[in-house]
Amino acid sequence: MNHKFGIALAGLTLGAAAFAQTKWDLPTAYPATNYHTENITQFAKDVDAATGGKVKITVHANASLFKAPEIKRAVQSGQAQAGEILLANFANENPIYALDGVPFLATTYPDARKLYDASKPAMEKLLAAQGIKVLFVVPWAPQGIYTKKEIGSVADLRGIKWRAYSPATAKIAELIGAQPVQIQQAELSAAMATGVIESYMSSGSTGYDTKTYEHIKNFYDTQAWIPKNAILVNAKAFDALDATTKAAVTKAAADAEARGWKVAQEKNEEYKRLLAERGMKIHKPSPKLDADMRQVGGIMQADWLKVAGADGAAIVDTYKKK
Ligand code: PCA
């Protein structure tokens with residue numbers, strides 16, 4: 001080896017050891033302009049700044065790296081070091097993930113927060129057992145019904161093609177006699193354009209992001225539940241960081257969680273306004289529609305308690321006491 005080159009190489013190696021850089025991929029299933037993704041992008045910037053560039057997180061928006069249902073496994077296996085999931089997508093793995101998808105259990109942001117606090121220890125324990133650490137959790141908006149035709153009760157939804165994004169939203173279809181089709185948000189615009197679906201439940205932000213107003217003109221603001229996204233990191237990847245870096249990431253995550261809850265609330269009304277401006281009729285549900293949906297919620301709450309057993313009941317008790 002050329003002597004000069006050898007010295008240069010040694011210098012490089014030393015430099016690398018003194019400045020070990022960690023690179024994380026962070027796939028998400030939602031568009032870059034959604035507030036969840038913007039919040040995650042800010043988190044990545046904060047982490048970069050707080051660690052002096054030691055931890056570089058690349059956010060892959062819009063299901064470009066992994067599809068929504070694959071992200072949890074990707075983080076668990078280390079294919080992606082971090083990632084964002086919709087907790088309710090994983091209801092079939094464990095009922096804990098389904099809790100925030102139970103209709104009419106927590107319909108306001110303060111209640112959603114209480115429900116999150118009550119379920120957090122069990123949820124974190126469950127994920128830890130799979131080698132996953134929760135960085136932060138951010139809510140969507142209260143879920144309403146998008147539908148092509150105007151409706152006065154759930155009977156008006158019978159037989160229609162209904163997009164589901166989770167086991168719970170498929171269960172609702174079953175209970176109201178609609179035909180569920182599982183479609184994640186990244187494929188929702190195409191599904192509407194090709195007439196695969198005529199109706200679905202979600203938030204104003206998803207209606208806006210997917211340009212639902214181009215295909216569907218009615219939104220019934222049922223405020224039925226508040227689902228949440230969780231931003232996860234592979235525990236081994238996190239544990240490989242030094243203590244100072246860990247603390248910086250944890251601080252940025254706590255900031256992102258606080259910011260995310262605030263922005264979600266602020267944007268809820270704004271999205272409904274944006275939808276109305278683009279021709280969507282925002283309806284207050286009729287008393288009959290509201291009562292029908294609450295009946296559906298009652299059945300699903302009872303079902304959830306049956307599946308979740310004593311541990312689940314304890315979480316709901318904690319939530320209701322707060
Ligand atoms: N939007 C996501 C999940 C919940 C929400 O508000 C969706 O519709 O896929």
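Just so you know, ligand 1 is whichever comes first in the structure, and atom 1 is the first atom listed for that ligand.
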Once ring pair (Phe, Tyr, Trp, His ring centres under 6.0 Å) is applied, do any residues pair with Y146, and if so which ones, sequence neighbours excluded?
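Y146 satisfies ring pair (Phe, Tyr, Trp, His ring centres under 6.0 Å) with Y200, F219 only.
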Closest non-hydrogen protein atom to atom 1 (N) of ligand 1, residue and atom name please, with distance?
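Result: T206 OG1, 2.6 Å.
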Closest candidate by heavy atom, reference atom 9 (O) of ligand 1, pool R163, Q184, E187:
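The residue whose heavy atom sits nearest atom 9 (O) of ligand 1 is R163.
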Between the side chains of K23 and Q81, is a donor N or O closer than 3.5 angstrom to an acceptor N or O?
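Side chains of K23 and Q81: no pair found under 3.5 Å.
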Check: N34/E38 side-chain N/O donor and acceptor closer than 3.5 Å
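Result is no, nothing qualifies.
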Side chain to side chain, Y30 and Y35, heavy atoms closer than 4.5 Å:
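A side-chain contact is absent here, since even the closest heavy-atom pair is not under 4.5 Å.
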Against heavy atoms of [X], which atoms of ligand 1 measure under 4.0 Å?
X    : value
Q185 : 1 (N), 2 (C), 7 (C), 9 (O)
S203 : 1 (N), 5 (C), 6 (O)
S202 : 1 (N), 2 (C), 5 (C), 6 (O), 7 (C), 8 (O)

Under the 3.5 angstrom rule, does the side chain of S189 hit a backbone N or O of T210 as a donor-acceptor pair?
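Such a contact is found between S189 side chain and T210 backbone.
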Does ligand 1 come near enough to W140 that some N or O of the ligand is less than 3.5 Å from an N or O of the residue?
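By distance alone, the answer is no.
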Below the 3.5 angstrom mark, is there an N/O of Y165, backbone or side chain, next to an N/O of ligand 1?
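No, no N or O pair falls under 3.5 Å.
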Spatial distance of atom CD (Q143) from atom CD1 (I226) [nearest 0.5 Å]
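So the gap between those two atoms works out to 8.5 Å.
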